[in-house]
Undergrad: 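Got a structure here, written out as structure tokens. Questions coming.
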Amino acid sequence: MNGRRDAGRLRVLSTSAASISITLFGLILVTFLIGRVMPIDPVVAVAGDHAPPDVVARIRSELGLDRPLAVQFLIYLRHLAVGDLGRSVMTSHAVTADILQYFPPTFELATSAIILAVLVGVPAGVLAASRPGSRFDHLVRAVSLAGQSVPVFVLGLLFLLILYVKLGWLPGSGQVGITYEGVVPPITRMLVVDAALTGHWGAFWSALSHLVQPALVLALFSLAYITRMTRAFMFEALGSEYVITARAKGVPEWLVLWRHAFGNVSVGLVTVIALAYASLLEGAVLTETVFSWPGLGLYLTTSLLNADMNAVLGATMVIGCIYIGLNLLADFAYRLLDPRVR
Amino acid sequence: MQLEIEDLHIGFPGPRGFAPAVRGVSFAMGAEKLGIVGESGSGKSLTARAILRLTPPNAVLRAKRLRFDDIDVLSASPRALGAIRGRRAGLILQDPKFALNPVMTAGEQVAEPLRLHKGLSRRAARAAAVEMLAQVRINDPAAVAHRYPHELSGGMGQRVMIAMMLAGDPELLIADEATSALDATVQAEILRLIEDLVSRRGMGLILISHDLPLVSHFCDRVLVMYAGRVVEAVPAAELRKSRHPYTQGLLLCPPSLMRPRARLPVLARQPDWAEVA
Ligand SMILES: Nc1ncnc2c1ncn2[C@@H]1O[C@H](COP(=O)(O)OP(=O)(O)OP(=O)(O)O)[C@@H](O)[C@H]1O
Ligand SMILES: [Mg+2]
């Protein structure tokens, strides 16, 4: 029987590998095409508005833009294969190096947010489903509806207004207080983690207090979704026959809830949470802008505003890859965790 | 074990007013085999589930008396209910495909009541669960204990259900159409298994079915339900002599495992059977 399960796993792996390569190729192609059809002239971005025509022509051929589109794509692919995403005009660094610098703070922010959202959203959804129609249920439903319909930047500005401007409880934007800037040697480039690792406790607390607000705003974004899905899944599970069986066996209600109903729901929730995590990366673009969080989202918006095409395409590509990766992980986790499909 | 039900009413509040489903059912039973028959929607399942207070959450229950020995089921605390469910009375549902937890192995599901009601350790419960699976005559119980419900046939799934419900050594077993979802040959096997286990353990049995000839074959006494009422309660041996036209209809009409036939007659109904006699 174990042999059968292993064979199943192998099959899952190979179909996943096939689907991921197709999706990845699609992502690369679309990103490349967007880069070519954008009404932004990369030559102007490099040379400036008033460059003489011969300079423009020289740069154009240096960038390979005078070659046919298919050839350009092949060159793009060759560079991609060695991790070369070109050079950013704005920072004058390699885009790959920029991304390595800006991604960790985004990862830190999104991960804190998803942990918050899961810790609050899952129990809230489970309890709401266990008492349908109760006051708690109505509260949960109202809050998650509101959380789903209010845009992130509105929430972010509201938080800043209340917690920073009015109450002064939390620091404003940025990743750490000015006095601690550049104090912590970069290890993982996640400031809270690095400060803890190197024992810079002053910087640690400053960084943590800076993390709270954007993480909360971002968490609210997926909290609504996670709570709503948990409630819906649990509500369905609690109406099923095996729950009646469990009760008939004399299983106490909290175990019926968490072992029998939640045990069936958790598989689907892994998928929901992975997708929510992926969409947090999207949400991070806006949140980082509001809170001047030095992450990939801020990097992306800044490069977009500066017509820095290599940077925009590189960041888009990375976000796309992470999105695909998380989807794959969700799918994979589902097939490994559910005895019916493994 | 003594079960007493007097004037049980179950209804559902709905958009078009209150809909009664069970309307004044009364019966008492000890360690005997009681059959409940009646057409679909006559209130058999609701009546049976009320004994364990497992009716749907929106159901409204009312009764002059609903007692399991000295426990008043309607006012029982969750703890007192826990002392009945699985420990003193078990319930077997129709289709193991839905009634077994899809993400727990058969062994885990049988071990659960053993841990709850007998206080066994995880390891002891696992061993005792395999023993229970052997008692319901599953071949190679140690291997089946590791299987998930989707890896079991319907008959095997129902055996696992029976093992699970007998694990707490209850005094009453309620089988709510426990064989209707199975193939005819498997049906007979499972029924014989239930009857055998119940007789050997000296338990009470409530056997719910559409199939009156079958029920009368396995039970001592039969309740015939129609539109939420018991229209007739007769010893199984005297069923043939029954005067009630509805019972006569049930005896003659449906295809029975006990008496297969090619053409099916139609069941007659009259509104006044639903009224109090
Ligand atoms: N959750 C519910 N909400 C509303 N009405 C219900 C609900 N459950 C049962 N009923 C009603 O109660 C009546 C009796 O249901 P019950 O399940 O006891 O019938 P039954 O005799 O077991 O029928 P079957 O042979 O089909 O299982 C049905 O007519 C149904 O309409
Ligand atoms: Mg029924």
Side-chain angles (χ1 to χ4, degrees), chain A residues 1-9 126-134 136-137 231 233-271 333-342, chain B residues 45 48-49 51-58 78-105 108-117 143-144 146-151 157 160-161 163-168 170 173-174 176:
Chain A
M1 195 145 66
N2 274 332
R4 200 169 82 208
R5 266 174 210 166
D6 286 345
R9 260 168 228 186
V126 169
L127 292 182
S130 74
R131 298 186 188 82
S134 68
F136 181 72
D137 186 26
R231 188 194 175 279
F233 283 180
M234 279 299 285
F235 188 77
E236 196 197 325
L238 284 171
S240 58
E241 297 252 301
Y242 60 79
V243 161
I244 296 180
T245 305
R247 290 195 177 119
K249 288 199 273 193
V251 177
E253 201 53 36
W254 68 274
L255 273 180
V256 169
L257 207 60
W258 288 103
R259 184 187 286 164
H260 287 270
F262 190 73
N264 272 274
V265 156
S266 55
V267 179
L269 277 185
V270 170
T271 313
Y334 183 76
R335 297 199 223 184
L336 283 188
L337 291 175
D338 192 328
R340 282 160 294 189
V341 280
R342 77 183 160 205
Chain B
S45 297
R49 288 186 188 192
I51 299 167
L52 297 175
R53 224 167 83 200
L54 282 173
T55 42
N58 60 330
R79 255 189 95 126
L81 282 177
I84 300 179
R85 294 175 182 170
R87 190 178 305 207
R88 306 197 57 187
L91 171 68
I92 297 170
L93 300 176
Q94 180 170 347
D95 195 342
K97 228 191 256 107
F98 304 111
L100 290 173
N101 188 330
V103 300
M104 284 169 80
T105 62
E108 283 166 354
Q109 299 191 56
V110 178
E112 198 177 26
L114 289 163
R115 296 196 68 193
L116 284 168
H117 301 313
V144 172
H146 289 290
R147 294 211 198 139
Y148 286 93
H150 74 278
E151 298 169 322
V160 171
M161 273 294 275
M164 198 157 73
M165 289 304 168
L166 292 184
L173 185 65
I174 304 169
D176 188 354

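These values consider heavy atoms only, across backbone and side chains, with no hydrogens, waters or symmetry-generated copies.
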Undergrad: Return the CD to CZ distance between B/Glu108 and A/Arg259, rounded to the nearest 0.5 Å.
TA: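 One gets 8.5 Å once the value is rounded to the nearest 0.5 Å.
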Undergrad: For each of B/Asp95, B/Ile92, B/Leu116, tally heavy-atom pairs with chain A at distances under 4.5 Å, and name the one with the top tally.
TA: B/Leu116
Undergrad: In Å, rounded to the nearest 0.5 Å, how long is the span from CZ of B/Arg53 to CZ of A/Arg247?
TA: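 With rounding to 0.5 Å, CZ (B/Arg53) is 11.5 Å from CZ (A/Arg247).
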Undergrad: Apply the test side chain to side chain contact (heavy atoms under 4.5 Å, CB included) to residues B/Met104 and A/His260: give CA-CA distance (whole Å), side-chain angles for both, the deciding distance (0.1 Å), then the verdict.
TA: CA-CA 8 Å; B/Met104 284 169 80; A/His260 287 270; 3.6 Å; yes
Undergrad: Has A/Glu253 got more than 12 heavy atoms of other residues, nucleotides or ligands less than 6.0 Å from its CD?
TA: yes
Undergrad: CZ/B/Arg85 to NZ/A/Lys249 distance, rounded to the nearest 0.5 angstrom?
TA: 13.5 Å
Undergrad: Considering only heavy atoms, which portion of B/Leu100 lies under 4.5 Å from any heavy atom of chain A: side chain, backbone, both, or neither?
TA: backbone
Undergrad: Tell me which of these, A/Gly263, A/Ser266, A/Gly133, A/Gly250, has more heavy-atom pairs under 4.5 Å with chain B than the rest.
TA: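 Maximum pair count with chain B is reached by A/Gly250.
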Undergrad: Non-hydrogen atoms of chain A under 4.5 Å away: do they reach the side chain of B/Ala167, the backbone, both or neither?
TA: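 Neither part.
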Undergrad: So, for B/Arg49 and A/Ile244, which heavy atoms are closest and what is the spacing to 0.1 Å?
TA: NH1-CD1, 3.2 Å
Undergrad: Go through B/Ile84, B/Leu91, B/Val103 and name the one with the most non-hydrogen pairs under 4.5 angstrom from chain A.
TA: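 Among the listed options, the one with the most contacts to chain A is B/Val103.
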Undergrad: May I ask you to name which of A/Val251, A/Thr245, A/Val267 has the most heavy-atom pairs under 4.5 Å with chain B?
TA: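 Ranked by contacts with chain B, first place is A/Thr245.
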Undergrad: Where on B/Pro102 is there a heavy atom nearer than 4.5 Å to chain A: the side chain, the backbone, both, or neither?
TA: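 Both backbone and side chain.
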Undergrad: What's the separation between atom CG in B/Asn101 and atom CG in A/Asn264, rounded to the nearest 0.5 Å?
TA: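 One gets 4.5 Å once the value is rounded to the nearest 0.5 Å.
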